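The next block holds one structure in the form of C-alpha cells; read it before the comments.
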There are 4 protein chains.
Amino acid sequence: MTSTPRRRGADRTEAIMRTTVELGQEIGYAKLSIEAIANRAGVGKHTIYRRWSSKGALLLDSLLSLDDPDLDFSYTDDVLADLREQAYAAVELLARPPVGPLVQALIAEAQHDPRVAAEFKERFITPMAGKLVKRLKAAQEEGHLSPDFDLDLAMAICSGPLYFQFLITQEPITREYVNDVFGALFAGMSPRPAATR
Amino acid sequence: MTSTPRRRGADRTEAIMRTTVELGQEIGYAKLSIEAIANRAGVGKHTIYRRWSSKGALLLDSLLSLDDPDLDFSYTDDVLADLREQAYAAVELLARPPVGPLVQALIAEAQHDPRVAAEFKERFITPMAGKLVKRLKAAQEEGHLSPDFDLDLAMAICSGPLYFQFLITQEPITREYVNDVFGALFAGMSPRPAATR
Amino acid sequence: MTSTPRRRGADRTEAIMRTTVELGQEIGYAKLSIEAIANRAGVGKHTIYRRWSSKGALLLDSLLSLDDPDLDFSYTDDVLADLREQAYAAVELLARPPVGPLVQALIAEAQHDPRVAAEFKERFITPMAGKLVKRLKAAQEEGHLSPDFDLDLAMAICSGPLYFQFLITQEPITREYVNDVFGALFAGMSPRPAATR
Amino acid sequence: MTSTPRRRGADRTEAIMRTTVELGQEIGYAKLSIEAIANRAGVGKHTIYRRWSSKGALLLDSLLSLDDPDLDFSYTDDVLADLREQAYAAVELLARPPVGPLVQALIAEAQHDPRVAAEFKERFITPMAGKLVKRLKAAQEEGHLSPDFDLDLAMAICSGPLYFQFLITQEPITREYVNDVFGALFAGMSPRPAATR
DNA sequence: AAGTAACCGAGACGGTACGTCACGTCTTTGA
DNA sequence: TCAAAGACGTGACGTACCGTCTCGGTTACTT
C-alpha cells in the first residue's frame, strides 16, 4: 500500500512538464518563459525554480518525461538493415513535435550552458550511443563489421551526418538520406579494391 | 577631391561588428545585448537595428568580417591527407575564440530563427562545402575516390562527425580524432574483403 | 510687380502650419511630433527647426494663421449686451476645432515654456484684452460702468471665469453660463442696497 | 506579533511620491521621466506603472500627499475679509514650490488627458470649491451676500481671475491683486446706484 | 551663361525615454 | 508547512522622437 507519500509534489512536477511541452508547441520552446509556464500550469514560479535550476534543465526533464517509444535495435543478421531501421525510427521522432523542436531547443541551450550540455549528453545522447555501440559490438563479433574499428568513433560517424542534417542544413531527413549515409559509411569512400583490380 | 566619401556609415558598421566580437569574447555571445553593444560602440541602438534585423544577423556578419584565413584545400596526390590537413585548420579555428564561440552561438540562434539558419547555411556552410566538393570531385576524377559517390553526401559525412563533436559532445577535436574519422570514412565500416576471404 | 521674392519659403511655411493644424486635429496637438509634421508636409525636419524654435512657437503661429473672424465688439448703448455678444463669439470659437484644442495645447505648453507663455500672451491674449479694455473704457466714459474701476482688473474678471471653465472644469461654456457670469459681475455679489433698504 | 505588516507597499508608494516632488523641483515637473523617478527612488519602473496609470496621476497623488495646511475659511462677520484671507493663503501656496509648479504641471497635463482633468477637478478643485460654497452659503444666510446668487457661479467668479493670473499672465498674484478682485466682485461693475442718482 | 551660394528633402546619427517583458528573489496569505 | 500569487529591483527589449548633422540635388541670384 503506497501511502501517497509526497504525492502532491509529483503531481505538480508532471503538470509543469506537461505544460512546458504544451506551451512550447504553441509558442516555440525558445520563447518559453518560466513566468508563462507557471501561469498556465497554475503554479507559483517558486515551485518551478525549486525543481529546476534553469530552463534547459526543465526542457530536458520534459523531453525525457515524454512517452518514450524506447526504441531499441533489432539483432538480425543484417547490421546495416538494423541500423537503418533504428535510424528511421529515431529520425521520425525528431522529425515532428514535440520531440524534434524540444531536442533542437535543448541543443541550442547546450551551446551556452555547459550544465545543460553535460546533462543532455549524459541522459539523452549516451543512452542512445550505448545501444548503438552494443549493437555494433555484436556485429563486430559476428564479423559483419570491420574488426579494427573503434566503436565510439563508429557512433560519431553514424550520428554525425544525421545531426548535421538536423541542426545545420535543417532539411528533412528522409529514409533515402539515411540509406545513403549508412550505405556510404559501410562501403567507405575509397575506390573499391575489387573495382580497381 | 572628396576624401572619405560616404564613409561614415561603413565606419560605424565595422565598429559595431568589432565591438560585437570584442564584447562577445568578454561576456559570451549568448549574453550579448544590443543595448550593451550600442553602448560600448558609442552608437545609438537604432543604428544597429537599422543594419541588422536580429542578433543572429549581426553575429553572422561579425563572424564573416573576421580576418578570414581563407583556407583552401591542397591538391596533392593524397586526398585523404589533403582533407585531413584542411580539417586540422578548420578545427583549429573552431577550437578557440573568437570564431569557435561565435559559430556555436550562431548555430544556437539558427535553432530558433529560420532566417539565421538560412543565412548561416548560405554564407558559412555552403562556401565551405563548395570547396570540399570541388576537392572531392578532383579526387574522384583521378580515381582516388569511389566513383559512385554523391558528393553532397560526402560533405555531410565528412562534416557531420566533426560538428557532432563540436556541438554535442563538446570535447576538443584533436588531430587524432580527425585522423580517425577520415580514416574510417575512407575505409568503410564493412569488414575488409581481404578479411572475408 | 512683386517678383516672387523668396516665394518658396513662404509656401513652405504655410504648408507646415496647415499640416500642423490638420495633423493636430487628427491625432491631438499634444501628440504632434515635428517628425510627423515634416513627414506629412513633405518637408525636411530642418526646414521646420529653421523657422520655429519649439513646438509651442509652431502651434502659436499655426493658430494665428487660421482665418481669424477678427471678432470685435459692438458699441451699442448696452455694454453688458455687447460684452455678452462678444463672449458668445469667442466661446464659440474655443468650443470647437481647430481653435479650441489648439489654444488648450498652447496654454498647456505655456505652463512649462516661459517663451511660449510670453509670446502667447503678447500675440493672443493682449490683443483680445486690448479690445475689451477699449470697449470698457468707452462704457466708462458713457457712465455705463463704475468709474473707479481698473480696466485691466475688469479684463481679468471678465476673462477669468471663462478660462476657468475652459481649462479647469472643462465643461461646455453655454450662453447661459456667459449670461450668468456677466450678470453677476455687473451686479456684484453684495446684497443689493435697494433690496436691503 | 508581526510588525510592519503590509508595510512594504505603502513605503514605496510614499518614497516614489516624495522623489517625484523632489526631482520635480530640481529639473521641473514637465521634464520628469518615469525612468528618472524610478532610478532616484531606487525602484523598478514597473513598481510605478503598477500604481499610476500616467504621469499625471502620479503628479496628482504627489501633490495631494504633501503636507496639506488644510486651509479653511474663517467665519467672521466680514465675508469679504474671510474670502480675502483664504485667498491669501491659497495664493501663497501656489506662489512657490513645490505646490505651485506642481499644480501648473497638473493643469497642463489636464489639457490633454481627460482622466487627469477629471481626477484633478474631483480631488483638488471640488474640495476647495466645497469650502468656498459653504462659506458663501453661510454669508448668504446672514444677508452678507446677494441672496439670488448661484453659488457654483460665485465659485467660478472668485477662482477664475486668480487662475487667469496664475496660468495665463503668469504674473505673481499679490495681496493687492486679491483685494482688487474681491473688491470688484462684491461691488459689481455697474455704476453705483448712488452715483446714478 | 556659368558660377555660387542658399535652401531643401531625406534621413542617418547619438541620445533619452517610452511602456513591456521576463528574470530570479522576496513577501504575504490562504489551505 | 507549503504553495499560489504576485510584488519587487534589474536589465533588456524594440520603438518613437528629440535636435543635430551630413548628403546630394535643385533653385534663384550674382557676376
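On a predicted model such as this, the values are computed, not experimentally measured, just so you know. In what follows, chains are A, B, ... by sequence order, proteins preceding strands, each numbered from 1.
- We find that CD of A:Glu109 is positioned 11 Å from P of E:dC23, with the value rounded to whole Å.
- Using a cutoff of 4.0 Å between basic side-chain nitrogens and carboxylate oxygens, D:Asp61 and D:Arg51 are not scored as salt-bridged.
- For residues 101-124 of chain D, the pairs satisfying ring pair (Phe, Tyr, Trp, His ring centres under 6.0 Å) are D:Phe120-D:Phe124, with sequence neighbours left out.
- For C:Asn39 and E:dG9, the CG to C1' distance is 11 Å, given to the nearest whole Å.
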Practice item. Test salt bridge (Lys or Arg N to Asp or Glu O under 4.0 Å) on A:Asp113 and A:Lys55 and set out the steps. Key: CA-CA 10 Å; A:Asp113 186 341; A:Lys55 195 172 105 177; over 6 Å; no
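- Nucleotide E:dG24 holds its P atom 12 Å from the CG atom of A:Leu58, rounded to whole Å.
- No N or O donor and acceptor, one from the side chain of D:Lys45 and one from the base of F:dG9, sit under 3.5 Å apart.
- Side-chain atoms of A:Gln111 never come within 3.5 Å of backbone atoms of B:Leu106 as a donor-acceptor pair (strictly under, hydrogens ignored).
- Classification of C:Arg40 and C:Glu26 as a salt-bridged pair holds, one side-chain N sitting under 4.0 Å from a carboxylate O.
- Between the CD1 atom of B:Ile48 and the P atom of E:dC13 there is a distance of 11 Å, rounded to whole Å.
- Position along DNA chain E of the nearest nucleotide to C:Gly42 versus A:Ser54 favours C:Gly42 as the more 5'-ward residue.
- Taking CZ of D:Arg115 as the start and CD of D:Glu109 as the end, the distance is 10.5 Å to the nearest 0.5 Å.
- Atom CZ of A:Arg50 and atom C1' of E:dG24 are 13 Å apart (whole Å).
- The backbone N or O of A:Glu22 lies less than 3.5 Å from no partner atom in the side chain of A:Gln25, so there is not a single donor-acceptor pair.
- A heavy atom lying under 4.0 Å from DNA chain E marks none of the residues of residues 20-38 of chain C.
- If you take CG of C:Asp11 and C1' of F:dT27, they are 13 Å apart, rounded to a whole angstrom.
- At least one side-chain nitrogen or oxygen of B:Arg12 sits closer than 4.0 Å to the OP1 or OP2 atom of E:dG14.
- D:His46 has its NE2 atom 12 Å from the P atom of F:dG6, to the nearest Å.
- Taking only side-chain nitrogens and oxygens, A:Thr47 never comes nearer than 4.0 Å to OP1 or OP2 of F:dC2.
- The OH atom of B:Tyr49 sits 11 Å away from the P atom of F:dA12 (whole-angstrom rounding).
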